[in-house]
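Following: one structure in structure tokens, then a few remarks.
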Amino acid sequence: MSFLESYRLELELLSPVHVGTGETFPAYAYIPDPQAKTVHILDPSTLLLHLAPERQRAFLAKVAEGPKGAQDILRSLYREGQIPKEAILRSLPASKAFLETVEGATQEALLEFRPLPYTPLGAYLPGSSVKGALRTAWLFWRLVENGKSLVFRGGRWVFEGAKEEVRVRPPAQPKLSQNQDFEGVVLGHASWEEKRRGYKLDLYRDPFRALRLTDSGPGEGFLNRIGIHHPKGQMEGTVVLAETFRMGSRFQFLFRYHGGLARHGGVAGSIPPKELVRALREYYGRVAEWERLYAEEQGLGRALEVYGELERRLRDPEVFPLRVGYGSGRLAIRLALLLPEDYPEAQEPKTRKTVGATRPKDGYPLGWAVGRLVPLG
């Protein structure tokens with residue numbers, strides 16, 4: 001058994017994916033071109049330098065009026081051919097739903113969009129986002145394989161025999177530190193200190209320190225409209241504009257596993273890649289089944305297309321499902337499948353974020369992908 005195992009993690013998106021950066025592009029930094037189904041991303045400083053003084057004053061006055069004024073003046077300048085090529089940083093394709101939302105918007109929130117993370121080479125999918133999804137599945141797997149429930153009692157996490165199925169019972173309103181302690185207890189890098197009545201986390205022994213994942217190579221962004229489906233249509237006016245990776249996009253990551261760290265006690269436990277694949281198939285397979293049933297009840301046709309394709313791909317035992325990024329949902333990121341039925345977070349979410357349509361019911365679910373680990377060398 002080698003000390004270092006190297007793989008190529010191949011990921012294909014079965015639905016659009018958005019990973020946020022905390023930034024937004026304001027209304028004065030882009031121009032939509034509906035006929036070309038494109039949005040031009042601008043450098044406002046460069047634009048100002050190329051405008052005549054009177055146009056500079058007009059531009060700044062409109063920007064001061066608010067987002068709608070900024071968009072009006074930019075579209076006017078674009079129609080007149082007054083936007084120099086030097087001011088266009090890049091151009092992105094956009095969905096019809098995105099362009100229609102921007103065209104009819106009056107609110108500031110509907111005139112800003114959230115970009116993907118970028119390097120000088122282009123938009124990319126962060127390895128940290130993918131690794132977080134792997135970690136969630138592994139936490140689920142460790143608990144289920146252990147066969148014991150984990151209960152927060154008396155200020156600490158306690159394993160106890162599972163009556164039927166393994167369950168996790170957290171405090172009613174868990175703090176961040178309690179969530180971190182939970183992960184440490186499950187993965188084995190937390191120790192209880194009776195004197196201080198608290199846990200000590202040894203992050204150097206976190207098993208995921210032995211697993212290294214690069215960021216992806218560059219991909220093509222696509223501007224889209226994200227909406228919220230509610231069974232009674234109560235949230236159709238709630239919209240997020242965002243840059244996404246399209247369904248069908250393919251990414252590669254370098255995946256390295258330092259198995260020797262676990263074998264020699266450098267970390268608290270091992271994460272054998274083949275077992276990780278089984279964990280991903282089990283956990284995200286269950287999440288997908290829960291989501292498929294919701295889609296059937298609500299008549300979400302495009303969502304059912306995604307879950308049907310996912311089921312087809314998983315006939316290959318080496319392929320695993322994954323859900324990553326914004327809109328992945330509580331079921332995917334909070335181990336809600338293991339919560340007791342009387343716990344609030346275990347209740348079926350009433351809403352789902354969808355992407356690519358003016359009516360949320362007609363959109364695609366966010367974040368679904370299939371992956372494969374290909375050994376290197």
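These figures come from a predicted structure and were not determined experimentally.
Applying the ring pair (Phe, Tyr, Trp, His ring centres under 6.0 Å) test to pairs two or more places apart or on separate chains, none has a residue in residues 260-279. Every pair passing ring pair (Phe, Tyr, Trp, His ring centres under 6.0 Å) that includes a residue from residues 44-89 is listed here, sequence neighbours excluded: His40-Tyr78. For residues 49-59, the set of pairs meeting the salt bridge (charged side-chain N to carboxylate O under 4.0 Å, His left out) definition, not counting sequence neighbours, comprises Arg55-Glu80.
For the pair Arg79 (side chain) and Gln82 (backbone), a donor-acceptor distance under 3.5 Å is absent. Under a 3.5 Å cut-off, the side chain of Tyr199 and the backbone N or O of Trp157 do form a donor-acceptor pair. Although no hydrogens or angles enter the test, the distance criterion places no donor-acceptor pair under 3.5 Å between the side chain of Arg167 and the main chain of Ser149. Between the side chain of Thr101 and the backbone N or O of Ala97 there is at least one donor-acceptor pair closer than 3.5 Å. Although no hydrogens or angles enter the test, the distance criterion places no donor-acceptor pair under 3.5 Å between the side chain of Thr46 and the main chain of Ala87. Side-chain N or O atoms of Thr214 include one that pairs as donor or acceptor with a backbone N or O of Leu254 at under 3.5 Å. The backbone N or O of Tyr204 sits less than 3.5 Å from a side-chain atom of Arg209, completing a donor-acceptor pair. Although no hydrogens or angles enter the test, the distance criterion places no donor-acceptor pair under 3.5 Å between the side chain of Gln56 and the main chain of Leu47. No donor-acceptor pair closer than 3.5 Å links the side chain of Tyr364 to the backbone N or O of Val306.
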Cut-off 3.5 Å, no hydrogens considered: what does the side-chain donor-acceptor table look like for residues 15-27, sequence neighbours left out?
unit_1 : atom_1 : unit_2 : atom_2 : d
Ser15  : OG     : Pro365 : O      : 3.0
Ser15  : OG     : Gly367 : N      : 3.3
Ser15  : OG     : Trp368 : N      : 2.9
His18  : ND1    : Glu243 : O      : 2.7
Thr21  : OG1    : Glu23  : N      : 3.2
Thr21  : OG1    : Glu23  : OE1    : 3.3

Can I get a per-line list of side-chain donor-acceptor pairs under 3.5 Å for residues 170-180, giving both atom names and the distance, sequence neighbours left out?
unit_1 : atom_1 : unit_2 : atom_2 : d
Gln178 : OE1    : Lys175 : N      : 2.8

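The shortest non-hydrogen separation linking Pro207 to His189 is CD-ND1, 3.9 Å. Scanning both residues, Asn224 and Ser95, for their nearest heavy atoms gives OD1-OG, 3.1 Å. The two atoms that bring Lys148 and Phe159 nearest to each other are CB-CD2, 4.1 Å, heavy atoms only. Across all non-hydrogen atoms, the minimal contact from Leu125 to Phe253 is O-CE2, 3.4 Å. Nearest heavy atom pair, residue Trp138 against residue Pro272, reads CH2-CD, 4.1 Å.
Classification of Arg75 and Glu103 as a salt-bridged pair holds, one side-chain N sitting under 4.0 Å from a carboxylate O. Ion pair Arg142/Glu145 not flagged as a salt bridge, since none of the NZ, NE, NH1 or NH2 atoms sits closer than 4.0 Å to an Asp/Glu carboxylate oxygen.
With a 6.0 Å radius and a threshold of 12 heavy atoms from other residues, nucleotides or ligands, Glu194 has its CD atom above the threshold. Residue Arg250 qualifies as open at atom CZ: its count of foreign heavy atoms under 6.0 Å is 12 or below. For Arg256, the CZ atom counts as loosely surrounded, since its 6.0 Å shell holds 12 or fewer non-hydrogen atoms of other residues, nucleotides or ligands. Atom NZ of Lys131 has more than 12 heavy atoms from other residues, nucleotides or ligands within 6.0 Å. At most 12 heavy atoms of other shown residues, nucleotides or ligands fall within 6.0 angstrom of atom OH in Tyr28. Counting heavy-atom neighbours within 6.0 Å of Glu311 CD, excluding the residue itself, gives a total of 12 or less.
Using bins of under 30°, 30° to 60° and over 60° for the plane-to-plane angle, the ring pair Tyr283/Phe140 lands in the tilted bin.
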Pair Arg292-Glu289, salt bridge (charged side-chain N to carboxylate O under 4.0 Å, His left out): steps then yes or no: CA-CA 5 Å; Arg292 184 186 64 79; Glu289 178 59 19; 2.5 Å; yes
Worked check of salt bridge (charged side-chain N to carboxylate O under 4.0 Å, His left out) between Glu309 and Arg312: CA-CA 5 Å; Glu309 179 64 13; Arg312 187 182 72 79; 2.7 Å; yes
Salt bridge (charged side-chain N to carboxylate O under 4.0 Å, His left out) between Glu291 and Arg352, worked out: CA-CA 9 Å; Glu291 293 288 6; Arg352 296 294 190 280; 2.5 Å; yes
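Under the 3.5 Å distance criterion, with hydrogens and angles disregarded, no donor-acceptor pair is assigned to the side chains of Thr38 and Asp33.
Applying the side-chain hydrogen bond (donor to acceptor under 3.5 Å, both in side chains) rule to Asn146 yields no partners; only residues at least two apart in sequence or on another chain are considered.
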